[in-house]
2 protein chains.
Amino acid sequence: MPRTGSLPIYQQISELIVRDVASGRLADGMKLAPEREMAAELGIAVGTLRKALADLEEKGILERVQGSGNYIRAKADVDSLYAFFRLERPEGGGLPTAEVLSVTRMEKPADLPAFGTSPEAHRIRRLRRLSGEPAAVEEIWLDASYATRITAEELSESLYLYYRRTLGLWVQRAEDRIGLGEVPDWAPAAFGPRPGAAAPVIERQSRAQDGRVAEVSRSWFDWEKARYVARLK
Amino acid sequence: MPRTGSLPIYQQISELIVRDVASGRLADGMKLAPEREMAAELGIAVGTLRKALADLEEKGILERVQGSGNYIRAKADVDSLYAFFRLERPEGGGLPTAEVLSVTRMEKPADLPAFGTSPEAHRIRRLRRLSGEPAAVEEIWLDASYATRITAEELSESLYLYYRRTLGLWVQRAEDRIGLGEVPDWAPAAFGPRPGAAAPVIERQSRAQDGRVAEVSRSWFDWEKARYVARLK
DNA sequence: AGGAATTTGTGCGTATGTATC
DNA sequence: AGATACATACGCACAAATTCC
């Protein structure tokens with residue numbers, strides 16, 4: 001594992017393992033080889049490997065247990081973001097799924113914050129469910145510079161997984177703002193609250209590995225069926 | 001800096017610096033001595049110091065700049081929690097302050113989630129402002145096991161600073177749930193929204209160093225004057 | 001403008017402590 | 001109790017970014 005391109009070795013290793021998890025070569029619960037053995041196989045120092053593993057632990061896809069081993073933890077798919085920001089039922093928990101309503105490439109509307117390099121963006125509208133119950137509607141704007149064309153069929157349940165696997169786009173940081181808004185008129189009837197009704201709104205800005213804002217989104221959620229949870233540390 | 005008690009050296013150093021910031025010996029913007037110099041003074045290895053500094057950076061109270069130096073970043077006091085979860089004005093920014101409305105020791109009401117070891121808790125009600133403008137009202141329940149008596153006078157602007165300095169209580173983790181609720185009837189007139197009006201609600205559970213939930217709180221905010229911001233990574 | 005000095009970032013190897021099996 | 005495996009700590013060398021002259 002030489003220092004070929006530009007990324008530090010520990011980051012290359014970290015991303016290598018994330019890709020292995022995403023591709024299924026490493027599944028939830030699997031135990032990694034001992035650090036010394038692993039480091040030897042990769043041809044790097046133990047300390048370097050440990051830095052990569054610490055990174056994965058921070059991302060929430062690895063659990064490190066002293067005296068025991070390193071274990072893959074990839075329950076709710078690999079989406080590490082949702083380990084921090086997630087929708088859940090008022091009583092806690094709930095299995096999140098997503099249904100793509102539409103995907104359209106179009107000019108960025110003026111009411112969006114400035115982001116990306118293209119004047120156009122892909123607008124993705126989704127209905128999000130928790131254990132089958134419609135819980136939120138969301139509108140995502142992905143800068144058009146990352147893909148020329150996107151179809152609803154190719155989008156997986158996890159957008160971030162799709163970004164990573166198909167577009168090579170990694171969301172590194174995200175910032176959410178919560179306020180109050182009105183349910184948009186395109187919300188399907190299955191979503192309980194009617195258009196115009198008051199609903200909490202989450203506005204997200206996601207930054208890619210290059211530091212640029214690649215995606216902005218707005219989510220309106222049904223406060224009787226869902227809570228938005230943010231966790232620190 | 002020997003390995004006296006039980007805590008690792010790098011954690012001891014990290015907390016030492018946090019205390020220095022909290023006490024004012026280290027102020028916002030100050031530049032620390034070079035790592036090698038600092039490590040020599042403390043009698044530890046550079047790598048160990050670097051781990052402590054990395055910890056502080058994660059907490060948001062230190063900025064590390066390659067080729068330049070390490071700088072204290074303690075804008076909105078030392079409250080590292082608000083570096084991740086914070087209220088700000090819709091257009092961004094705003095200086096947060098807090099006015100204590102009342103402090104009462106009483107039985108925990110039944111509608112609170114179970115927490116702490118005591119049947120009683122201190123109920124603290126505050127009016128929070130952003131650059132002087134009332135932005136939120138909040139009700140905090142601190143388990144009575146941490147203090148026998150609390151007066152409004154002794155509470156500082158930052159509750160977490162008070163917890164740390166006076167009670168020896170460190171908030172290690174926090175989880176926020178955001179939903180929709182009604183402004184409580186005790187909200188002062190200065191807070192724009194009238195009691196009963198719809199407002200976004202933040203329900204927080206804070207865990208102390210012992211892993212127990214020490215405090216739960218509810219905040220209602222004026223969505224025209226404030227946004228709740230959560231940042232990841 | 002540009003090069004040297006300074007300072008943090010990355011990487012390696014090793015020794016010892018501590019938790020788990 | 002012994003073996004295994006991760007955690008902490010040390011020290012050194014070089015790279016990369018910044019600062020200073």
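All values reported here derive from a predicted model rather than from experimental measurement. Note on naming: letters A, B, ... go to the chains in the order of the sequence lines (proteins, then strands), and numbering restarts at 1 for each one. These numbers come from the heavy atoms of this one structure, side chains and all, not from hydrogens, waters or symmetry mates.
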Notebook entry, point to check: Rounded to the Å, how far apart are A/Asp55 CG and C/dG9 C1'?
Noted result: 15 Å
Checklist line | Phosphate-side-chain proximity, A/Tyr10 and C/dT10, N/O vs OP1/OP2 below 4.0 Å | finding: yes
Item checked: Out of C/dT8, C/dT18, D/dT8, whichever nucleotide has its closest atom nearest the side chain of B/Asn70 -> C/dT8
Check: Hey, which of A/Ile72, A/Asp28, A/Val18 is the one that makes side chain to side chain contact (heavy atoms under 4.5 Å, CB included) with A/Ile61?
Finding: A/Val18
Margin query: By nearest heavy atom, map B/Leu49 and B/Ser68 onto DNA chain D; which one lands nearer the 5' end?
Written below: B/Leu49
Note to self: Could you go through B/Glu203 and B/Arg218, starting from their C-alpha distance and side-chain angles, then the distance that decides it, and tell me whether this counts as salt bridge (Lys or Arg N to Asp or Glu O under 4.0 Å)?
What the structure shows: CA-CA 5 Å; B/Glu203 295 181 337; B/Arg218 269 201 279 257; 3.7 Å; yes
Check: Any side-chain N or O of A/Lys51 less than 4.0 Å from the OP1 or OP2 oxygen of C/dG11?
Finding: no
Note to self: I need the single residue from A/Arg129, A/Arg125, A/Arg128 that forms a side-chain hydrogen bond (donor to acceptor under 3.5 Å, both in side chains) with A/Glu99. Which is it?
What the structure shows: A/Arg129
Notebook entry, point to check: OP1 or OP2 of C/dT7 less than 4.0 angstrom from a side-chain nitrogen or oxygen of B/Arg36, does that happen here?
Noted result: no
Notebook entry, point to check: Pick one: which of A/Ile17, A/Leu49, A/Leu32, A/Leu56 meets side chain to side chain contact (heavy atoms under 4.5 Å, CB included) with A/Asn70?
Noted result: A/Leu32
Next item on the list: Check every atom of C/dA15, D/dC14, D/dC10 against the side chain of B/Ile44 and return the nucleotide holding the closest atom.
Entry: D/dC10
Item checked: Value in whole Å for how far the C1' atom of D/dA9 lies from CD of A/Gln66 -> 14 Å
Notebook entry, point to check: Roughly, in whole Å, what's the span from CD in B/Gln11 to C1' in D/dA7?
Noted result: 11 Å
Margin query: Let's test your reading of the model: under 3.5 Å, does the base of C/dG9 pair with the side chain of B/Glu35 as donor and acceptor?
Written below: no
Notebook entry, point to check: Atom CG of A/Leu62 and atom C1' of D/dC6: how far apart are they, to the nearest Å?
Noted result: 12 Å
Check: How do A/Val46 and A/Val65 order along DNA chain C: which one's closest nucleotide is nearer the 5' end?
Finding: A/Val46
Note to self: Applying side chain to side chain contact (heavy atoms under 4.5 Å, CB included) to B/Ile140 and B/Arg126, what does each step give before you reach the verdict?
What the structure shows: CA-CA 8 Å; B/Ile140 298 143; B/Arg126 306 199 304 177; 3.8 Å; yes
Checklist line | Nearest-angstrom distance from the residue atom CD of A/Glu37 to C1' of D/dC6 | finding: 14 Å
Notebook entry, point to check: Looking across every strand, which nucleic acid part, if any, lies under 4.0 Å from B/Gly69 by heavy atom: base, sugar-phosphate, or nothing?
Noted result: sugar-phosphate
Margin query: If I take atom CZ in residue A/Arg50 and atom C1' in nucleotide D/dA7, what distance separates them, rounded to the nearest angstrom?
Written below: 5 Å
Checklist line | Interatomic distance where CZ belongs to A/Arg64 and P belongs to C/dA19 [whole Å] | finding: 16 Å
Next item on the list: Rounded off to whole Å, could you give me the CD1-to-P distance for the A/Ile9 and C/dG9 pair?
Entry: 17 Å
